[in-house]
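Before any comments, here is the structure.
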2 protein chains.
Amino acid sequence: MKQPCALHPHPHSHAHRLIQPPLNELTEQLRRRDRKITAPRQAILEVLRRHQHPLTNREIHAALGESECDLATVYRNLNTLEQMGMVRRFDFGDGTARFELLAEGDDGHHHHLVCTRCSTVVEVDGCFSTEVEARLARTHGFTQITHRLEFFGLCPKCAAGA
Amino acid sequence: MKQPCALHPHPHSHAHRLIQPPLNELTEQLRRRDRKITAPRQAILEVLRRHQHPLTNREIHAALGESECDLATVYRNLNTLEQMGMVRRFDFGDGTARFELLAEGDDGHHHHLVCTRCSTVVEVDGCFSTEVEARLARTHGFTQITHRLEFFGLCPKCAAGA
DNA sequence: CGCCTTGTTGCAAATGAATTGCAAACTGTG
DNA sequence: CACAGTTTGCAATTCATTTGCAACAAGGCG
């Protein structure tokens with residue numbers, strides 16, 4: 001059930017889609033899988049909903065403010081939220097995982113363009129998935145093929161101010 | 001100076017290109033940048049030359065056998081070798097870097113198909129680079145765009161034996 | 001509405017990859 | 001062959017992430 005995406009077609013891409021799944025729906029999700037709706041959990045989802053960037057565990061923890069909870073708890077929750085498919089994990093290769101809230105039904109398949117200097121992140125929508133993956137499956141006999149793709153570069157601001 | 005690669009075109013891909021840059025040429029490279037030709041260095045290159053898989057620091061260290069050297073030395077050397085462009089670093093997202101020897105002039109740009117169970121690695125040649133990168137540059141004003149792309153799946157053996 | 005089972009949290013300690021300080025050992029050059 | 005600049009071994013350190021465990025809170029049930 002991949003998106004009908006294709007990296008080539010659209011010569012444009014918006015920076016961010018709307019991510020606004022009411023907290024209710026989110027807690028709804030939790031309830032469904034007999035997970036408990038705890039304060040840290042809600043606070044974390046709240047933070048993710050506010051920031052539409054991929055955030056690190058540390059950043060999320062820092063953004064909790066009032067509803068502070070242990071950093072380990074943040075780690076644990078992001079792992080379970082990922083398993084539940086409510087959050088997507090990204091790896092920009094700097095040794096720290098980042099997470100983004102997923103809208104329901106969204107498999108979160110998109111990629112990023114990351115500034116190598118300031119870490120600004122731009123969402124890149126569209127991807128060449130299925131076609132190539134199918135070819136790889138045929139050629140090498142692999143199944144359940146997925147991929148990880150991120151772009152890196154120097155953003156306009158950084159290119160200018162240096 | 002990218003390869004004229006394109007992920008779509010060729011409906012096939014060979015598992016491994018020939019990697020046989022004589023050790024002489026390698027030490028030659030070292031000499032050129034006034035790097036010293038030390039025993040650990042040679043041993044490490046030797047190991048990389050023997051195995052055509054991306055290897056972790058640990059694996060390389062283990063494969064040294066006779067010419068054992070400190071693990072820290074392996075780390076340090078792979079870093080310098082990478083900077084020198086003699087080796088390419090890969091990140092399969094499992095939190096451990098892997099390295100592959102590069103042939104001279106080869107920018108090492110290719111991707112991998114990694115089995116999520118046994119970590120078997122297949123080289124995937126060809127990639128859709130320039131075209132898309134150029135579009136991203138145009139659209140977002142980024143420069144010096146590069147990308148990281150890896151495929152994951154279940155290899156035939158693992159699919160069968162489980 | 002309290003009880004009880006089960007998932008959760010906080011805290012501290014443990015892992016594991018990767019890096020670093022430092023003194024000793026080595027390489028290549030003059 | 002001696003010297004200057006690298007590199008090495010070793011031990012200690014950093015940093016992200018995980019885990020053991022006891023105290024604790026959420027929600028179903030009677």
Side-chain angles (χ1 to χ4, degrees), chain A residues 23-24 26-47 54-84 86-99 119, chain B residues 23-24 26-47 54-84 86-99 119:
Chain A
L23 194 50
N24 322 327
L26 294 174
T27 57
E28 176 49 34
Q29 283 256 351
L30 282 170
R31 198 170 293 114
R32 242 181 270 155
R33 329 204 185 194
D34 70 317
R35 242 68 211 252
K36 301 193 172 167
I37 301 175
T38 66
R41 212 97 95 180
Q42 295 189 73
I44 289 171
L45 288 171
E46 187 54 42
V47 167
L55 296 176
T56 66
N57 284 285
R58 248 191 176 52
E59 291 170 331
I60 294 171
H61 180 246
L64 286 175
E66 297 299 291
S67 17
E68 162 121 301
C69 74
D70 196 86
L71 181 56
T73 300
V74 176
Y75 273 98
R76 278 187 286 229
N77 275 321
L78 284 163
N79 284 338
T80 53
L81 288 175
E82 186 197 8
Q83 287 179 5
M84 297 174 55
M86 295 180 61
V87 137
R88 180 162 164 101
R89 174 192 302 263
F90 288 101
D91 169 18
F92 293 164
D94 65 345
T96 19
R98 277 153 226 265
F99 299 87
S119 294
Chain B
L23 194 49
N24 321 327
L26 293 173
T27 58
E28 175 50 32
Q29 284 255 352
L30 283 170
R31 198 170 292 115
R32 243 182 268 157
R33 331 202 182 194
D34 68 318
R35 241 69 212 246
K36 303 198 168 164
I37 301 173
T38 65
R41 214 98 95 178
Q42 296 189 71
I44 289 170
L45 289 172
E46 186 55 41
V47 168
L55 296 176
T56 66
N57 284 286
R58 247 191 177 53
E59 291 169 331
I60 294 171
H61 180 246
L64 286 174
E66 297 299 291
S67 18
E68 162 121 298
C69 74
D70 196 87
L71 181 56
T73 301
V74 176
Y75 273 97
R76 279 187 284 228
N77 276 320
L78 284 163
N79 283 339
T80 54
L81 288 174
E82 185 197 11
Q83 285 180 5
M84 297 174 54
M86 294 180 61
V87 138
R88 181 164 164 99
R89 175 193 303 263
F90 287 100
D91 171 18
F92 292 163
D94 64 347
T96 18
R98 277 152 227 263
F99 299 87
S119 292

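Reminder, nothing fancy here: chain letters follow the sequence lines and each chain counts from 1. Source: prediction; values computed, not measured.
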To the side chain of A:N77, which of D:dT7, C:dT9, D:dT17 is closest? C:dT9
From CD of B:E82 over to C1' of C:dA18, roughly how many Å is that when rounded to an integer? 13 Å
Taking atom P of C:dT9 as reference, at what distance in whole Å does atom CG of A:L78 sit? 11 Å
For A:Q42 and C:dT9, what is the distance between atoms CD and P respectively, to the nearest whole Å? 11 Å
Short side-chain N/O contact to C:dT19 OP1/OP2 from B:Y75, under 4.0 Å: no
For B:T96 and A:A72, take the nucleotide of DNA chain C holding the closest heavy atom to each; which residue's nucleotide lies nearer the 5' end? A:A72
Of the listed D:dT8, D:dG20, C:dG28, the closest approach to the A:R76 side chain comes from D:dG20
Rounded to the nearest Å, what distance is computed from the CG atom of residue A:L55 to the P atom of nucleotide D:dT17? 13 Å
Less than 3.5 Å between a donor and an acceptor, one on the side chain of B:R35 and one on the base of D:dG5, is that the case here? no
For the residue pair B:R98 and B:N57, confirm or rule out a side-chain donor-acceptor distance under 3.5 Å. no
When you get a sec, tell me which of D:dC10, C:dG10, C:dT19 is the closest nucleotide to the side chain of B:N79? C:dT19
Between B:N57 and C:dA18, does any side-chain N or O lie under 4.0 Å from OP1 or OP2? yes
Run A:F99 and A:L78 through side-chain contact (heavy atoms from CB on, under 4.5 Å) and show every step you take. CA-CA 8 Å; A:F99 299 87; A:L78 284 163; 3.8 Å; yes
Counting only side-chain heavy atoms from C-beta out, which of D:dT7, C:dG7, D:dA26 sits nearest to A:T38? D:dA26
Between A:T96 and A:R58, does a side-chain contact (heavy atoms from CB on, under 4.5 Å) hold up when you go through it step by step? CA-CA 9 Å; A:T96 19; A:R58 248 191 176 52; over 6 Å; no
Rounded to whole Å, how long is the line connecting atom CZ of B:R41 with atom C1' of D:dT7? 7 Å
Test side-chain contact (heavy atoms from CB on, under 4.5 Å) on B:N79 and B:R76; report intermediate values, then the result. CA-CA 5 Å; B:N79 283 339; B:R76 279 187 284 228; 5.8 Å; no
Could you state the atom-to-atom distance from CG of A:D91 to P of D:dT17 in whole Å? 10 Å
Specify the separation, in whole Å, of atom CG of B:D70 and atom P of C:dT19. 14 Å
Are A:R58 and D:dA16 close enough that a side-chain N or O sits under 4.0 Å from OP1 or OP2? yes
Rounded to whole Å, please give me the gap between CG in A:L71 and P in C:dA14. 18 Å
Is there a donor and acceptor pair closer than 3.5 Å between the side chain of B:K36 and the base of D:dT6? no
Would you say that B:M86 contacts B:T80 through its side chain, given a criterion of any heavy-atom pair below 4.5 Å between the two side chains? no
